[in-house]
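One structure below.
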Amino acid sequence: MDTDAQLSERDHSPEPVKGEEQGSRSARISGGTPDEPVSGASPDEPAERADERSGRLSLATVGQWLTGGGPLRRAGLLLTACMIFLLLVSSYLVQPFLIPSSSMENTFQVGDRVLVNKLAYRFGGEPRRGDVVVFDGTDSFVQGRPTENPVAALVREGASAVGLMRPSETDYIKRVVGTGGDRVRCCDRRGRLEVNGRPVIEDYLHPGDAPSEVAFDIVVPEGKLWVMGDHRSDSRDSRDHLGEPGGGTVPVDRVIGRADWIGWPFGRMTSVKRPDAFARVPEPGQGQPGHGGSPHG
């Protein structure tokens, strides 16, 4: 075979003819010609426009994922969104609180869900006599925080935040009877509670209960609260912690919020109003002579 003859017959032109089979290998691999922009973008298109186009595609993909997948996915996403919304509301605005005991009967019944207003004292206000408050009793009603399994604690906190489970063992609901500076004693000659020397007619007490079967006489320190249950014969409250650190009083900054409504069951839905029992109680130092003194316990 004459190889030299064949080589001499080749085209020695410095510029080969461009045909359909020729051109840049990279153009063939990328699926376009060298002059054709990839992904439909213009070669003169600014980088910002390209990023904006990519962002629109990403949002469209997320939207398709959220709306696609059938009814089960949509139901799961809706449930998750509702749970997140409820957790945010219960953390900062209103938290359902399951009544776990009879200590506040007949104002609240076991199993009631009360709605605790977390904004009640957030902007300068403080609890007043007669308010029903939910508070953290750590270091006042409970000495030291109880240990709890971390997983169980997380489940309980999430469920209690929406009123499905009882609250933490350190959370309590009681009525404020005395605030900072008040002298609270029980009982006078007629068996009534006194605040700053003025007898209090407690018409919210459980029927048949005495104001207290335990005598006490205390001046509430500033920044603290004296709290008692409405079912006095079935309530562990400030009276039961007189000999402990804090003397049975609760720091104001441990108050979680004020119980303003009963939200469940439907037949008991109502607002919780402050009673008139304390309306005539004078401010500390303005009571009857001879009623000043030092705290006991």
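The first residue of the sequence shown is numbered 1, and numbering continues consecutively from there. Not measured: the values here are computed from a predicted model.
The pair Arg239-Asp237 counts as a salt bridge, with a side-chain nitrogen and a carboxylate oxygen less than 4.0 angstrom apart. Between Glu202 and Arg175 there is no salt bridge, since no side-chain N of the basic residue sits under 4.0 Å from a carboxylate O of the acidic one.
Distance CG/Asp171 to CD1/Ile256: 4.0 Å, rounded to 0.5 Å. The line from OG1 of Thr107 to NZ of Lys273 is 14.0 Å long, rounded to the nearest 0.5 Å. To the nearest 0.5 Å, the span separating OG1 on Thr179 from CG on Leu225 amounts to 7.0 Å.
Checking side-chain atoms of Arg232 against main-chain N and O of Leu205 turns up no donor-acceptor pair under 3.5 Å. Listed for the Asp112 side chain is no donor-acceptor partner under 3.5 Å among the backbone atoms of Ile99. One N or O on the side chain of Ser238 and one on the backbone of Val227 form a donor-acceptor pair closer than 3.5 Å. Checking side-chain atoms of Arg198 against main-chain N and O of Pro282 turns up no donor-acceptor pair under 3.5 Å. At distances below 3.5 Å, not a single donor-acceptor pair connects side-chain atoms of Asp131 with backbone N or O atoms of Val133. Although no hydrogens or angles enter the test, the distance criterion places no donor-acceptor pair under 3.5 Å between the side chain of Asp136 and the main chain of Arg254. Listed for the Arg128 side chain is no donor-acceptor partner under 3.5 Å among the backbone atoms of Glu126.
Taking 4.5 Å as the limit, every side-chain heavy atom of Glu194 sits out of range of all side-chain heavy atoms of Arg183. Here the side chains of Ile218 and Trp226 are in contact, with some heavy-atom distance below 4.5 Å.
Taking the six-membered ring where tryptophan is involved, the planes of Phe135 and Phe141 are perpendicular, since the angle between them exceeds 60° and thus also 30°.
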Audit row: Val142, Tyr172, side-chain contact (heavy atoms from CB on, under 4.5 Å) steps and yes/no: CA-CA 10 Å; Val142 178; Tyr172 294 84; 3.3 Å; yes

From CA spacing to verdict: side-chain contact (heavy atoms from CB on, under 4.5 Å), Leu193, Phe216: CA-CA 10 Å; Leu193 180 77; Phe216 62 89; 3.9 Å; yes

Criterion side-chain contact (heavy atoms from CB on, under 4.5 Å) on Val114 and Val132, from CA distance to verdict: CA-CA 11 Å; Val114 300; Val132 177; over 6 Å; no

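Between Trp261 and the choices Val272, Thr270, Asn117, Val116, the side-chain contact (heavy atoms from CB on, under 4.5 Å) rule is met once, by Asn117.
For Glu213, the CD atom counts as loosely surrounded, since its 6.0 Å shell holds 12 or fewer non-hydrogen atoms of other residues, nucleotides or ligands. With a 6.0 Å radius and a threshold of 12 heavy atoms from other residues, nucleotides or ligands, Asp253 has its CG atom above the threshold.
When hydrophobic clusters are built by joining Ile, Leu, Val, Met, Phe, Trp and Tyr residues whose side-chain heavy atoms come closer than 4.5 Å, directly or via intermediates, Tyr204 is grouped together with Val281. When hydrophobic clusters are built by joining Ile, Leu, Val, Met, Phe, Trp and Tyr residues whose side-chain heavy atoms come closer than 4.5 Å, directly or via intermediates, Val252 is grouped together with Tyr121. Tracing side-chain contacts under 4.5 Å through hydrophobic residues (I, L, V, M, F, W, Y), one never reaches Leu242 starting from Val214; they form parts of separate clusters.
Of all non-hydrogen atoms in Arg129 and Asn196, the two that sit nearest each other are NH2-ND2, 3.7 Å.
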